[in-house]
Amino acid sequence: MSEEEICSWLTKQLRLYIPVSDQDAINIASSFNCRIVYKGEYLLKEGQYGDWWGFVYKGLFRSYSCDVRGNEYTNSFLREGSFTCELVSFHGGTVSQTNVVALEDTTLLYVNKKSLNLLFKNFSEFEKFGRLLYEKVLVNYKQHNLFRVRLNAGERYLHFLKSEPELIKRVPLKYIASYLSVTDSSLSRIRRKTRQADL
């Protein structure tokens, strides 16, 4: 990926939230690095430090946590355009209790903490961008918790199908079941009922 492509793509992400001049966008983009994580490889394992702050340029990550018995619980899917950062580890300086693995060959555009702080210091609009981004993360986190508590299994599936239709084709069903807090067999039944209802 060329520096021009990185700059153009990041500029579009920034302008979803803030006005930014072409020159500032170039300067901001120059602080970002590019990393490719191949399918099946981990961006982060539990017990490691989450040292990135950035965006998925292309591909798909799965974030998950394990209980004391080793059972996996999917927290989120991070696709193109998704902001990604293990915030507790990145800002708290603690090891992560989360795993992040690539479900497809995935390209990440990221900065480390030192570079991020310099960007916040040197570009007031980028600091605003970071604040708005964090607000969105908090809102999504709250909505996701309510989504798991207030909706039954069938409703959770329909909501997922409506909000993330392309992920049904890209994510193994066992991970979708984990994300929806249902068993594999329950998800299969829900999908059958949904298809029958559409006939």
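No experiment lies behind these values; they were computed from the predicted model shown.
- Under a 4.0 Å N-O distance rule, the pair Arg15/Asp24 does not qualify as a salt bridge.
- Scored by the ring pair (Phe, Tyr, Trp, His ring centres under 6.0 Å) test, Phe61 finds no partners at all (sequence neighbours excluded).
- In this pair, Phe55 and Phe129 present their aromatic rings tilted. The plane angle is within the 30 to 60° band.
- Panel note: side chain Thr106, backbone Gly59; no donor-acceptor pair is recorded below 3.5 Å.
- At a cut-off of 3.5 Å, with distance as the only test, no side-chain donor of Ser30 or Asn27 sits close to an acceptor on the other residue.
- Between Glu5 and Lys58, no side-chain nitrogen of the basic residue sits less than 4.0 Å from a carboxylate oxygen of the acidic one, so the salt-bridge criterion is not met.
- Side-chain contact between Leu103 and Phe77 is present, with at least one heavy-atom pair separated by less than 4.5 Å.
- Counting only distance, with no hydrogens or angles, the side chain of Ser8 and the backbone of Glu4 share no donor-acceptor pair below 3.5 Å.
- The main-chain N or O of Ile190 is found under 3.5 Å from a side-chain atom of Thr194 such that the two form a donor-acceptor pair.
- Side-chain contact check for Gln143 versus Asn140: some heavy-atom pair is nearer than 4.5 Å.
- In this structure, Glu72 places its CD atom where more than 12 heavy-atom neighbours from other residues, nucleotides or ligands lie under 6.0 Å away.
- With ring centers used as reference points, Phe160 lies 6.0 Å or more from Tyr157.
- Between the side chain of Asp105 and the backbone N or O of Lys39, at least one donor-acceptor pair lies under 3.5 Å.
- Looking only at distances, no side-chain donor or acceptor of Arg62 sits under 3.5 Å from a matching main-chain atom of Val101.
- A salt bridge is absent between Glu127 and Arg131; no separation between the charged side-chain nitrogens and carboxylate oxygens falls under 4.0 Å.
- Classification of the Trp53-Phe32 ring pair by plane angle, with boundaries at 30° and 60°, yields tilted.
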>> Arg170 vs Glu80, test: salt bridge (charged side-chain N to carboxylate O under 4.0 Å, His left out). Steps then yes/no.
In response: CA-CA 12 Å; Arg170 297 171 65 182; Glu80 292 84 359; 3.1 Å; yes
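- Between Phe147 and His144, a ring centre-to-centre spacing shorter than 6.0 Å is recorded.
- Proximity of Tyr110 to Thr84: side-chain heavy atoms (C-beta onward) are nowhere separated by under 4.5 Å.
- Shown here is Tyr141, whose OH atom has no more than 12 heavy atoms of other residues, nucleotides or ligands within 6.0 Å.
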